[in-house]
Protein chains: 2
Amino acid sequence: MKYQEAIIEELLTTAFQDETLRNAYYEAAQEKMFKKGDLLLEQGQICRYCYTLLSGAVRGFYLKDGREITTSFCFASDVVMSLESATRLTPSPESFEVLEDSLVEVVSVEKLTQLRAQFPVLEKVWTLSMEAYAIWLEERLASLQFATAKERYELLLERYPQIVRNVQLSHIASYLGITLETLSRIRAKG
Amino acid sequence: MKYQEAIIEELLTTAFQDETLRNAYYEAAQEKMFKKGDLLLEQGQICRYCYTLLSGAVRGFYLKDGREITTSFCFASDVVMSLESATRLTPSPESFEVLEDSLVEVVSVEKLTQLRAQFPVLEKVWTLSMEAYAIWLEERLASLQFATAKERYELLLERYPQIVRNVQLSHIASYLGITLETLSRIRAKG
DNA sequence: GTCGCCGTTTGACATATATCAAATAATTAT
DNA sequence: ATAATTATTTGATATATGTCAAACGGCGAC
């Protein structure tokens, strides 16, 4: 999972002016440093924590026929979590790997559920995040469904240049649904 | 948009035992019959209504380079709406076309927002629907990202046989991200 | 029933992308 | 710094899928 939006950020900023909420949240949350290569969550495990990236980068991926398919990239202020696993308590379909040393805020999914129940504004943030995430997925789906490899790469470059700058080709390639050789050739030609 | 789940259905059933809610809802909703070929929403317009299918079938699609790309199929009890357009009041990226004569329950997005504010259980249904929709999109994304055309067709056949039974090939093909000739050949070989 | 219209199938060929292999280039460890 | 590892580029070839065109089939209008 990932995705943040201006409106949501604002709502959160306002919400955190409430001292009761702030205290409850910081009691539940814990800052942790993760190292490059660490796994925040492994495919098949149940996702029990919600990770908010304060700095660094994380990649979501799953294994198919022995090779890794990248599903998402997360950077500062993005949320890392398997939505499916966290809400249904089923095995996660994907793993999350730390791409560079990252500072992360960790809250357990259970505690998060309590906080949402206790503070309606957090429930509202959750709902808006779900909407934004679904809309983001719709857009990504459309780009995979009928754009050529070149179009998909150019769209990524336009919308998410920080991915192209920071992440190795093989991960970008599988994110775009192509091989790294093809991606390399697309970049060479321009 | 589409997607319904057992848990959500149950919650709705319970909610409708509340007479106040039931009255408020039925005052806001209106049943309408649509004919094959009707457009519930046209690409570029703002989505002002939420349509719940009571019977029949609807297809979502958008135009790309002059050809139609199918994004979804909806059947009885599915909800038809452009999530992006309805929540952000922006032009809809997709159209919705009625595939066969359909009975539809229509509520305005504005009224729906009021009802959600008035009845927390409806807000809960909305949130759960967003989660379910996002998870459904994640799954569909994974299937488009790295499955072959044959695998995608077989997955569709397994998970949503009613689509394959009821819908013409050209729509299924663009839904799978392939041409109808390729789909025809996949079916011929088995 | 016959005609005409769609939707589907089939064929020949073009093209994008994958695969396998090797050569460079860039990072990391020693 | 040098070696060792890892990432990227490039080349030759294979394959899946697309494109264009024609034939076939079912089904409603008349």
Side-chain angles (χ1 to χ4, degrees), chain A residues 34-39 56-57 59 61 63-70 73 97-102 141-157 161-190, chain B residues 35-38 57 59 61 63-70 73 97-101 141-157 161-190:
Chain A
F34 287 91
K35 289 216 165 304
K36 178 173 178 174
D38 286 352
L39 284 184
R59 172 177 81 101
F61 68 95
L63 286 171
K64 199 215 165 197
D65 305 333
R67 55 182 77 183
E68 298 182 352
I69 313 285
T70 298
F73 297 106
E97 172 202 28
V98 175
L99 291 177
E100 52 187 71
D101 294 5
S102 302
L141 200 46
S143 108
L144 273 177
Q145 193 173 2
F146 256 92
T148 64
K150 184 154 182 277
E151 289 170 333
R152 275 175 269 161
Y153 175 69
E154 282 163 356
L155 188 67
L156 186 73
L157 202 57
Q162 83 272 34
I163 292 178
V164 180
R165 266 188 268 108
N166 297 312
V167 176
Q168 79 185 51
L169 279 203
S170 58
H171 296 156
I172 298 175
S174 78
Y175 181 75
L176 293 174
I178 58 181
T179 61
L180 84 162
E181 293 95 330
T182 297
L183 179 55
S184 175
R185 282 183 247 262
I186 288 171
R187 283 156 60 102
K189 283 178 211 153
Chain B
K35 288 218 166 304
K36 178 174 177 173
D38 287 352
R59 172 177 82 100
F61 67 94
L63 286 172
K64 200 216 162 195
D65 304 333
R67 55 183 76 184
E68 297 183 353
I69 313 286
T70 298
F73 297 105
E97 172 203 28
V98 175
L99 291 177
E100 52 188 72
D101 294 4
L141 200 46
S143 109
L144 273 176
Q145 193 174 3
F146 254 92
T148 64
K150 184 154 182 275
E151 288 170 334
R152 277 175 267 163
Y153 175 68
E154 281 164 356
L155 188 67
L156 185 73
L157 203 57
Q162 83 272 32
I163 293 179
V164 181
R165 264 187 270 108
N166 297 314
V167 175
Q168 77 185 50
L169 278 204
S170 57
H171 296 157
I172 297 176
S174 76
Y175 181 75
L176 293 174
I178 58 180
T179 59
L180 86 160
E181 293 95 330
T182 297
L183 179 55
S184 176
R185 281 182 247 263
I186 288 170
R187 284 155 60 102
K189 282 178 210 155

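Letters A, B, ... mirror the listed sequences (proteins, then strands); counts begin at 1.
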Apply the test side-chain contact (heavy atoms from CB on, under 4.5 Å) to residues N166(B) and F73(B): give CA-CA distance (whole Å), side-chain angles for both, the deciding distance (0.1 Å), then the verdict.
CA-CA 10 Å; N166(B) 297 314; F73(B) 297 105; over 6 Å; no
What's the verdict on salt bridge (Lys or Arg N to Asp or Glu O under 4.0 Å) for E97(B) and R59(B), showing C-alpha distance, side-chain angles and the deciding distance?
CA-CA 5 Å; E97(B) 172 203 28; R59(B) 172 177 82 100; 2.9 Å; yes
Given protein heavy atoms under 4.0 Å, the one-letter contact record of nucleotides 19-30 of chain C, with B base, S sugar-phosphate only and - none, is simply BB-------S--
Would you give the length of the straight line joining atom CG of L39(A) to atom CZ of F34(A), rounded to the nearest 0.5 angstrom?
10.5 Å
Report the distance from atom CG of L169(B) to atom CG of L183(B), rounding to the nearest 0.5 Å.
5.0 Å
Residue [X], side-chain heavy atoms: nucleotide from [options] that is nearest:
| X | options | answer |
| --- | --- | --- |
| Q168(B) | dA7(D), dG7(C), dT9(D) | dG7(C) |
| L169(B) | dT9(C), dT17(C), dT17(D) | dT9(C) |
| S184(B) | dT10(D), dT9(C), dT17(C) | dT9(C) |

Let me know the distance between [atom1] of [X] and [atom2] of [N], rounded to the nearest Å.
| X | N | atom1 | atom2 | answer |
| --- | --- | --- | --- | --- |
| I172(B) | dT9(C) | CD1 | P | 10 Å |
| L176(A) | dT17(C) | CG | C1' | 13 Å |
| Q145(A) | dG18(D) | CD | P | 12 Å |
| K150(B) | dT15(D) | NZ | C1' | 15 Å |
| E151(B) | dA16(D) | CD | P | 12 Å |
| F146(A) | dT19(D) | CZ | P | 8 Å |
| H171(B) | dC6(C) | NE2 | P | 13 Å |
| L180(B) | dT17(D) | CG | C1' | 13 Å |

All heavy atoms of K150(B) vs all of I186(B), minimum pair found to be N-CD1, 3.8 Å
With a 4.5 Å heavy-atom cut-off, do V98(A) and K35(A) have their side chains touching?
no
Start at the 5' end of DNA chain C and walk down; is the nucleotide closest to I178(A) or to L183(B) reached first?
L183(B)
For I69(B), side chain to side chain contact (heavy atoms under 4.5 Å, CB included) partners two or more places apart:
Q145(A), F146(A), Y62(B), K64(B)
